[in-house]
Amino acid sequence: MSRQATIPVTLVSGFLGAGKTTLLNRILTSDHGLRMAVMVNDFGAINIDSQLIVSQTQTTLSLANGCICCTVESDLIEQLGRMLDDRVNRPEYIIIEASGVSNPSKIANTLRYPQFREALAIDSILTVVDAEQFGDLQGEMAQLAMEQLDVADIIVLNKTDRVSREQLDALKARWLYPSARLLECAHGDVPLELVLGVGRHQAGWRLRPVPATAGKLATGPEDHSQLFDTWSFSSERPLSLKALRAALAALPVEIYRAKGVCQIAEAPGKRCIVHVVGNRTEIKPEDGWEGGAPYTQLIFIGRRGSIDGAALQASFEGCLV
């Protein structure tokens with residue numbers, strides 16, 4: 001029996017709201033000519049990111065309701081095993097988008113388990129950074145974001161259109177990762193050949209030594225569910241745009257990320273995509289529902305103890321028309 005080719009894997013990491021899904025969509029819609037599989041991990045109970053993937057030609061697998069490097073690692077192992085056993089649709093390339101709270105070094109170590117050692121090889125660990133928000137992270141959140149950078153081969157400094165040249169220079173002056181390739185971009189717009197198939201796996205790649213602080217927080221728990229809470233809202237009724245904007249603007253500052261798909265009363269027939277990162281909110285109408293029934297699904301991620309589910313439920317129910 002002929003030996004199956006080793007499949008390169010790109011790990012896409014980055015703190016909440018850095019722009020990972022935007023970059024992933026950029027890659028998937030490029031002319032790469034590969035049979036690609038995408039694994040998407042969302043920390044919340046609803047996997048919103050899998051709904052925001054624009055390509056319908058790739059295999060997309062969801063890993064929801066937990067951190068890929070902590071509570072859903074077994075799902076990752078199971079789905080990878082199933083994918084490798086599929087002789088008909090075995091992918092030629094795999095991209096794993098980790099949740100914004102995941103540590104990519106743990107995922108990389110999972111890919112080195114004996115059952116994957118001959119079948120998979122990490123092509124690169126790619127960490128996306130929000131140029132506007134990164135400097136505002138504090139404490140454990142900053143520590144987690146730094147861990148994601150510690151093991152990056154490629155750092156995509158995203159959203160550079162939102163900051164001045166002086167702010168970018170100041171951020172890079174603090175940079176501690178001279179061995180990582182740094183790409184600056186807006187909207188995840190980077191040349192495909194610089195982020196995909198960069199070839200590390202072809203030279204017998206091995207996970208480079210992980211810094212002492214990587215893989216665990218210096219003073220915090222290793223299970224990221226102990227650092228963050230999530231809450232979700234769903235409805236089949238439309239929301240008032242004005243009320244939704246007000247509800248999102250009133251979110252506690254320790255809710256770092258909100259995202260989802262909304263049915264907005266003022267935009268009938270449009271599927272509206274919601275992103276909240278820090279103090280920045282975007283509600284963007286897209287094409288219709290492709291014959292499906294309209295709905296609203298929102299997911300929120302915040303510091304442990306910062307989410308009052310009853311108050312949020314009342315707030316967003318108040319947006320319903």
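All of these numbers come straight from a predicted model, not from anything done at the bench. The basis for the numbers below is simple: all heavy atoms, side chains too, and nothing from hydrogens, waters or symmetry mates. Count residues from 1 along the sequence.
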Looking at [X] and [Y], would you say the former's side chain and the latter's main chain have a donor-acceptor pair under 3.5 Å?
X      : Y      : result
Thr6   : Glu118 : yes
Arg117 : Arg112 : yes
Thr296 : Gln263 : yes
Asp153 : Ile125 : yes
Asp229 : Gly305 : yes
Lys284 : Ile273 : no
Thr160 : Cys185 : yes
Arg82  : Ile77  : no
Gln79  : Leu76  : no

- Item | Test side-chain contact (heavy atoms from CB on, under 4.5 Å) applied to Arg165 and Leu168, step by step | CA-CA 5 Å; Arg165 189 71 249 172; Leu168 273 180; 3.8 Å; yes
Closest approach of [X] and [Y], non-hydrogen atoms and distance?
X      : Y      : value
Ala145 : Leu137 : CB-CD1, 3.7 Å
Ala119 : Arg90  : CB-NH2, 4.0 Å
Ile307 : Gly302 : CD1-N, 3.9 Å
Ser232 : Ile299 : CB-CD1, 3.8 Å
Asp123 : Pro8   : CB-CB, 4.1 Å
Leu194 : Ile154 : O-CD1, 3.5 Å

Taking atom [atom1] of [X] and atom [atom2] of [Y], what is their separation to the nearest 0.5 Å?
X      : Y      : atom1 : atom2 : value
Ser99  : Ile107 : OG    : CD1   : 7.5 Å
Phe116 : Thr110 : CZ    : OG1   : 8.0 Å
Ile95  : Leu126 : CD1   : CG    : 9.0 Å
Gln138 : Arg303 : CD    : CZ    : 9.5 Å
Cys272 : Glu286 : SG    : CD    : 8.5 Å
Gln148 : Ser102 : CD    : OG    : 7.5 Å

- Start with the C-alpha gap between Ile94 and Leu80, add the side-chain angles, then the distance that decides, and say whether side-chain contact (heavy atoms from CB on, under 4.5 Å) holds. CA-CA 10 Å; Ile94 297 173; Leu80 282 173; 4.2 Å; yes
Quick one about [Y] and [X] (side-chain donor to acceptor, distance below 3.5 Å, no hydrogens or angles considered), yes or no?
X      : Y      : answer
Ser105 : Glu147 : no
Ser306 : Tyr256 : no
His275 : Arg257 : yes

- Residues Asp287 and Arg271 bridged, charged N to O under 4.0 Å: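 Salt bridge between Asp287 and Arg271, a charged N being under 4.0 Å from a carboxylate O: no.
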Report yes if the side chains of [X] and [Y] come closer than 4.5 Å at any heavy-atom pair, otherwise no.
X      : Y      : result
Lys159 : Val163 : no
Tyr93  : Arg35  : no
Leu11  : Ile122 : yes
Arg162 : Asp130 : no
Ile155 : Leu183 : no
Met39  : Met83  : yes
Leu171 : Phe134 : yes
Val38  : Leu28  : yes

- Task: Quick one: do Cys262 and Leu298 satisfy side-chain contact (heavy atoms from CB on, under 4.5 Å)? Show the steps, please.
- Result: CA-CA 8 Å; Cys262 280; Leu298 291 168; 3.7 Å; yes
- Can you establish whether the number of heavy atoms outside Lys172 located under 6.0 Å from its atom NZ is more than 12? yes
Cut-off 3.5 Å, no hydrogens considered: what does the side-chain donor-acceptor table look like for residues 312-321, sequence neighbours left out?
| from | atom 1 | to | atom 2 | distance (Å) |
| --- | --- | --- | --- | --- |
| Gln313 | NE2 | Glu317 | OE2 | 2.8 |

- Query: Going through the checks in order, is the side-chain contact (heavy atoms from CB on, under 4.5 Å) test met by Leu248 and Ile283?
  - Reply: CA-CA 10 Å; Leu248 294 173; Ile283 302 174; 4.2 Å; yes
